Amino acid sequence: MTPPRVRIAPSPTGDPHVGTAYIGLFNYVFARKHGGTFVLRIEDTDQARCTPGSEQAIFEALKWLGLNWQEGPDCGGDYGPYRQSERLPIYREHVARLLAEGKAYRCFATPEELAEMRKVQREQKLDLAYDGRYRDYDPKQAEQRAAAGEPHVVRMKVPREPGATTTVHDCLRGDVTFENRLIDDQVIMKSDGFPTYHLACVVDDHLMKISHVIRGEEWITSTPKHVLLYQAFGWEAPAFYHLGLLRNHNKSKLSKRKNPVSVFHYRDLGYLPGTFVNFLGTLGFSYGDDRERFTLDEMVERFEWSRVSPGGPVFDPVKLAAFNADDIRAMDVDTLTSQLIAHLYTPERLRAIVALARERIDLLDDFVPYTSFFFAGKVDYSQVLGKMKIKKRTRKEVVNILKTYIEEIERDPAARGFTAPELETFSRAFCERHGWKTREVFTLLRLSITGRTAAPPLFDTMAAVGKDRARLRLRDAADVLRQQPEW
RNA sequence: GGCCCCAUGGUCUAGCGGUUAGGACGUUGGCCUCUCACGCCAAAAUCCCGGGUUCAAUUCCCGGUGGGGUCACCA
């Protein structure tokens, strides 16, 4: 086989996701197995959702796991740029070509108009779909309106011959056929001039000579649109492999509601990177020989698509922890000692904690017990549960305010850095917004984060505890409270 | 709801027509042991259901059921 070119194409919209690592792993392993190339492309075409710093975070997460790429925005390559926001002229050129050939058309329907259309369709219990209201609009007139600066999108013109179908060959699942009448005239260029995923992905995969598209099952229903785009351009489509989606315990798609999904959570709480990739590798792939512990190199050596199953596996953190425990036991004491020092006692982190502890310890020996909660994963709430009963607030209200806090702090870009000033600004605004006294919320935060009534200043403490550990505890505290009897 | 994907213990999986259905996590019981942990041993599966095909189906085909995904100017 000629050396494959594969890619991972994450969106820099938040913390690096476990699912990205999972798909990245399979791409990486497949490329290496066949001496191919693993490309990293950043899909930052949604200006509203991209957050600063998350591109860097993706680099960090993949490197931590050892999933190294040969071409990407940081290291370049022959097919760059590797950031979609830097490829806008390329997309415009390709859209212009489709427009000129009548394979796409401009649509002037406003978002409100389309929302109204869907509302009517819903009421009449029709299929939700774009009704093609601009599909046959006079191109000359459309060009005039566009030239005059009227906002609009560009849609692909899906072939509508009666009975027409589009077949996607999935190498893991076989042929999957879709009726064209059920495929929307998808928007390929948004009114802000940015391409949508569908267009950008097809154009880039072609131009970057991607031979195998290995991605999550969530994409399988949009693959016919991609196939149609390849046909419209007259290009050969790559081979498609849709892997099952990682699931929560209730089988729904892995989500932060139910599980920590940031790769950094696992890194910062002391999971070993080799263990983590090994665990991801056991989901969907099987080594055979009743063996499930293997290194990345061993997985590469053994990898074959016939060893990959298409079902969506449940991501079980308990089993992951058991793997980690095994690997810790297997380390000699010296290695483990240095790993522990590197993980817990980095000079910067230790210094930050010492600064907070100095005025509160009398003997050097007081340090460890006083600061234990900075290092633990979860903390014990049994001693402080009573203190979480905020006067005039029901248990449910307390649980909800904690949950809301978690949700909002994850979403707020201003709190991304998780520094003390950011946290304070965010938290004060949060109290204001929800009509809670700072005293009430700050108490809850302190108890949840530290498991104690007395601790160093809250926001410095939160910052030193770290984002993922803090999030874990807030969620855990909310869970513990939820299971308490009403007060 | 339409379309699409998937289906071996609670979970991850081995199996590729004939097996006492194997391993791992978890659970339960036991052993080891100054405690705990580790370690060791053991227990638990209508192979989703119903039809076919076949001398023979967990394995192949069809239908059902169940679960999931997707139906945006998000990816």
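None of the values given here were measured: they were computed from a predicted structure.
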What integer distance in Å separates [X]:[atom1] from [N]:[atom2]?
X: A/Asp170; N: B/C4; atom1: CG; atom2: C1'; result: 11 Å
X: A/His226; N: B/C4; atom1: NE2; atom2: P; result: 18 Å
X: A/Glu217; N: B/C3; atom1: CD; atom2: P; result: 17 Å
X: A/Arg293; N: B/A24; atom1: CZ; atom2: P; result: 13 Å
X: A/Lys119; N: B/G1; atom1: NZ; atom2: P; result: 23 Å
X: A/Leu320; N: B/G26; atom1: CG; atom2: P; result: 12 Å
X: A/Phe323; N: B/G23; atom1: CZ; atom2: C1'; result: 11 Å

- [ ] Look at the side chain of A/Leu182 and decide which nucleotide, out of B/C3, B/C25, B/C5, has an atom nearest to it.
- [x]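 In terms of side-chain proximity for A/Leu182, the closest of B/C3, B/C25, B/C5 is B/C3.
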
Whom does [N] pair with, Watson-Crick or G-U wobble, provided both distances fall under 3.5 Å?
N: B/A43; answer: B/U27
N: B/C32; answer: none
N: B/G1; answer: B/C71
N: B/C38; answer: none
N: B/G50; answer: B/C62

For [N] versus [M], give the span between their [atom1] atoms, rounded off to a whole number of Å.
N: B/G17; M: B/A57; atom1: P; result: 14 Å
N: B/C47; M: B/C60; atom1: P; result: 15 Å
N: B/G52; M: B/G68; atom1: P; result: 31 Å
N: B/G23; M: B/C32; atom1: C1'; result: 24 Å

Open item on the list: How would you summarise protein contacts on nucleotides 8-13 of chain B per nucleotide, using B for base, S for sugar-phosphate only and - for none, with heavy-atom distances below 4.0 Å?
Closed with: ---SBS

Any idea how [X] and [Y] line up, ring-wise: parallel (<30°), tilted (30 to 60°), or perpendicular (>60°)?
X: A/Phe279; Y: A/Phe315; value: perpendicular
X: A/Phe30; Y: A/Trp305; value: tilted
X: A/Tyr287; Y: A/Phe294; value: parallel
X: A/Tyr405; Y: A/Phe426; value: perpendicular

Open item on the list: With a 3.5 Å distance limit and no angle check, can you tell me whether A/Arg5 reaches the backbone of A/Met208 through a side-chain donor-acceptor pair?
Closed with: yes

Task: Result of checking A/Ser11, A/Cys50, A/Ser85 against A/Glu43 for side chain to side chain contact (heavy atoms under 4.5 Å, CB included) - done: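 Of the listed residues A/Ser11, A/Cys50, A/Ser85, the side chain to side chain contact (heavy atoms under 4.5 Å, CB included) partner of A/Glu43 is A/Ser11.
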
Task: Qualifying residue for side chain to side chain contact (heavy atoms under 4.5 Å, CB included) with A/Leu336, from A/Asp332, A/Asp334, A/Val333, A/Leu340 - done: A/Leu340

TODO: Please step through side-chain contact (heavy atoms from CB on, under 4.5 Å) for the pair A/Phe240 and A/Val176, ending with a clear verdict.
DONE: CA-CA 11 Å; A/Phe240 294 104; A/Val176 186; over 6 Å; no

Considering only nitrogen or oxygen atoms on both sides, find all protein atoms under 3.5 Å from nucleotides 71-75 of chain B and state each distance.
residue	atom	partner	partner atom	Å
B/C71	O2'	A/Leu128	O	3.3
B/A72	OP2	A/Arg118	NE	3.4
B/C73	OP1	A/Arg118	NH2	3.1
B/C73	OP2	A/Arg118	NH2	3.4
B/C73	O2	A/Ser191	N	2.8
B/C73	O2	A/Ser191	OG	2.7
B/C73	N3	A/Ser191	OG	3.1
B/C73	N4	A/Ala109	O	3.3
B/C74	OP2	A/Lys190	NZ	3.4
B/C74	O2'	A/Asp46	OD2	3.0
B/C74	O2'	A/Arg49	NE	3.3
B/A75	OP1	A/Thr45	OG1	2.9
B/A75	OP1	A/Lys190	NZ	2.7
B/A75	OP2	A/Tyr197	N	3.3
B/A75	O3'	A/Ser11	OG	3.2
B/A75	O3'	A/Glu43	OE1	3.1
B/A75	O2'	A/Ser11	OG	3.1

Open item on the list: Is there a ring-ring contact (aromatic ring centres under 6.0 Å, His included) between A/His206 and A/Phe233? Walk through the geometry before answering.
Closed with: CA-CA 10 Å; A/His206 174 73; A/Phe233 282 117; 8.0 Å; no

Open item on the list: With nearest nucleotide decided by heavy atoms, which residue, A/Val308 or A/Leu172, maps closer to the 5′ end of RNA chain B?
Closed with: A/Leu172

Restricting both atoms to N or O, compile the protein contacts to nucleotides 38-46 of chain B shorter than 3.5 Å, with distance only.
residue	atom	partner	partner atom	Å
B/G39	OP1	A/Arg329	NH1	3.1

TODO: Let me see the working for A/Asp15 and A/Glu410 under side-chain contact (heavy atoms from CB on, under 4.5 Å), right down to the final yes or no.
DONE: CA-CA 9 Å; A/Asp15 288 331; A/Glu410 280 174 354; over 6 Å; no

Task: Side-chain heavy atoms of A/Arg475 within contact of A/Ile406, under 4.5 Å - done: yes

Task: A/Tyr82/A/Glu71 under side chain to side chain donor-acceptor pair (under 3.5 Å): CA gap, chis, key distance, verdict - done: CA-CA 8 Å; A/Tyr82 293 91; A/Glu71 294 175 27; 2.5 Å; yes

